[in-house]
Engineer: 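Below is the structure I would like to discuss, written out as structure tokens.
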Amino acid sequence: VAADPTFEAILGYAQTRGASVVKVPLTATYAHDLPAMGDAAKDGGVIYICNPNNPTASITPKTELRDFIAKSAPTTMILVDEAYFHFADSADYESMIPLIKDHPNLIVARTFSKIYGMAGLRCGYAVAQPKVIERMRKHQPWDSINVMALSAALASLKDPEQVPKGQQLNKAARDFLMHELDAMGYQQVPSQANFVMIDLRRPVVPVIQAMKERNVEVGRLFPAMPNHMRLTVGKKTEMESFLAAFKKVMATAA
Ligand SMILES: Cc1ncc(COP(=O)(O)O)c(C=O)c1O
């Protein structure tokens, strides 16, 4: 059971394993609709909660999530994906890792692909109770992590500058981008991640193509939000290039 829209790769893996995927639309505030997800998972299975959520960059409030986990049926596994944990600074956001000791049905996933800048190097981890880890280990490729990724991950953890610097750079570029988009009259889903979902008020697909023709690659179409563009926050100079192209593209007729 997953939100719609959410990180799609997970749903693909589930289907490959023969599971049926149930999608539950996000709420009006782009949070996970936890009661509806709980109802959809009545017969067990896995509830996938991406927090902050990809592609909306929105969060599901900590108190709602805590209550939901506390009341969940022990037969239903809850997977909380905290890939974007380091970018969230809202008072309503919190990691669910501390709850694992009391909840054998909870798994929290993290990755080195985001704040640590290691996308493509393939390093991440899950936190869960030992019995759950034992069950998952049977499905793990025996050589899933390579030595390059391990060395880079260890070096990242040892570097006290890595996380605060990434947070600071992301926030500065994101604030700049959002300020400029506000000035142009384009609303965005409030972002707690390193990307922004922008309401174009017109279909995104032709805009994606027109941006590409100007050498700016933006996110793909997310069918649940056909008028929104997902944009990764890069360096400030990259955001400036984006804005220059975006202004020209949006000035053309829809
Ligand atoms: C929510 C979420 N989880 C996991 C991942 C993938 O992480 P990894 O590169 O470690 O496979 C991504 C990458 O885009 C993501 O957005």
Side-chain angles (χ1 to χ4, degrees), residues 1-17 19 21 23-24 26 30-32 34 37 46-60 62 65 77-90 93-97 106-128 133 136-137 139-141 143-157 162-163 166-167 170 174 189-198 208 217-225 228-234:
V1 178
D4 192 21
T6 196
F7 181 51
E8 292 161 335
I10 304 293
L11 314 186
Y13 293 135
Q15 273 160 339
T16 304
R17 298 288 309 160
V21 169
K23 292 185 185 179
V24 176
L26 294 171
Y30 302 99
H32 284 63
L34 297 174
M37 292 179 89
V46 180
I47 299 181
Y48 172 69
I49 297 166
C50 187
N51 201 29
N53 188 47
N54 186 6
T56 50
S58 50
I59 55 164
T60 298
K62 62 184 181 190
L65 195 46
M77 295 304 295
I78 300 177
L79 169 58
V80 180
D81 186 339
E82 297 186 353
Y84 299 97
F85 162 81
H86 295 96
F87 298 108
D89 58 5
S90 162
Y93 182 79
E94 199 172 79
S95 170
M96 291 297 124
I97 290 178
L106 178 61
I107 305 168
V108 175
R110 292 275 185 92
T111 176
F112 282 88
S113 291
K114 311 301 172 187
I115 197 102
Y116 297 105
M118 282 175 47
L121 268 183
R122 318 268 87 239
C123 193
Y125 58 95
V127 188
I133 300 286
M136 290 197 295
R137 208 178 278 291
H139 301 272
Q140 182 186 8
D143 54 355
S144 67
I145 291 191
N146 64 77
V147 287
M148 269 289 285
L150 271 180
S151 308
L154 287 171
S156 300
L157 291 175
Q162 177 72 31
V163 169
Q167 288 167 325
N170 180 64
R174 191 181 66 192
V189 177
S191 173
Q192 286 285 296
N194 61 341
F195 51 90
V196 180
M197 200 65 152
I198 307 162
I208 293 171
E217 296 255 5
V218 300
R220 63 185 177 279
L221 163 75
F222 289 87
M225 297 175 76
H228 280 74
M229 174 193 276
R230 185 195 184 284
L231 179 69
T232 295
V233 176

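The shown structure was predicted, so the numbers you read here are calculated from the model rather than taken from an experiment. Ligands are counted one by one from 1 in listed order, and the atoms in each one are counted from 1 as well.
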Engineer: Check the orientation of Tyr116 and His86. Use parallel for under 30°, tilted for 30 to 60°, and perpendicular for over 60°.
Structural biologist: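 Tyr116 vs His86 ring planes: perpendicular.
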Engineer: Which option out of Thr111, Thr232, Asp81 puts a heavy atom nearest to atom 3 (N) of ligand 1?
Structural biologist: Asp81
Engineer: Among protein heavy atoms, which lies nearest atom 4 (C) of ligand 1, and at what distance?
Structural biologist: Phe7 CE2, 3.4 Å
Engineer: Backbone, side chain, both or neither: what part of Tyr84 comes under 4.0 angstrom of ligand 1, heavy atoms only?
Structural biologist: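 It is the side chain that gets close, since no backbone atom is under 4.0 Å.
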Engineer: If you measure from CG on Leu106 to CD1 on Ile97, what distance do you get to the nearest 0.5 Å?
Structural biologist: 9.0 Å
Engineer: For a side chain to side chain contact (heavy atoms under 4.5 Å, CB included) with Leu26, tell me which candidate from Thr6, Thr56, Asp4 qualifies.
Structural biologist: Thr56
Engineer: Can you label the angle between the Tyr93 ring and the Phe85 ring as parallel, tilted or perpendicular, going by 30° and 60°?
Structural biologist: tilted
Engineer: Under 4.0 Å from a heavy atom of Ala83: give me the atoms of ligand 1 that qualify, with their elements.
Structural biologist: 1 (C), 2 (C), 3 (N)
Engineer: Checking Tyr48 against Phe7 for the ring-ring contact (aromatic ring centres under 6.0 Å, His included) test, could you report, in this order, the C-alpha distance in whole Å, the side-chain angles of both residues, the deciding distance, and whether it holds?
Structural biologist: CA-CA 10 Å; Tyr48 172 69; Phe7 181 51; 7.1 Å; no
Engineer: Between Glu82 and Met96 (side chain of the first, backbone of the second, donor and acceptor by atom type, cut-off under 3.5 Å), is there such a pair?
Structural biologist: yes
Engineer: Give yes if a backbone or side-chain nitrogen or oxygen of Tyr48 is under 3.5 Å from a nitrogen or oxygen of ligand 1, and no if not.
Structural biologist: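 Among all N and O atoms of Tyr48, none is under 3.5 Å from an N or O of ligand 1.
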Engineer: Which ligand 1 atoms are under 4.0 Å away from a heavy-atom of Cys50?
Structural biologist: 1 (C)
Engineer: Check if Met118 has a non-hydrogen atom at a distance under 4.0 Å from any atom of ligand 1.
Structural biologist: no
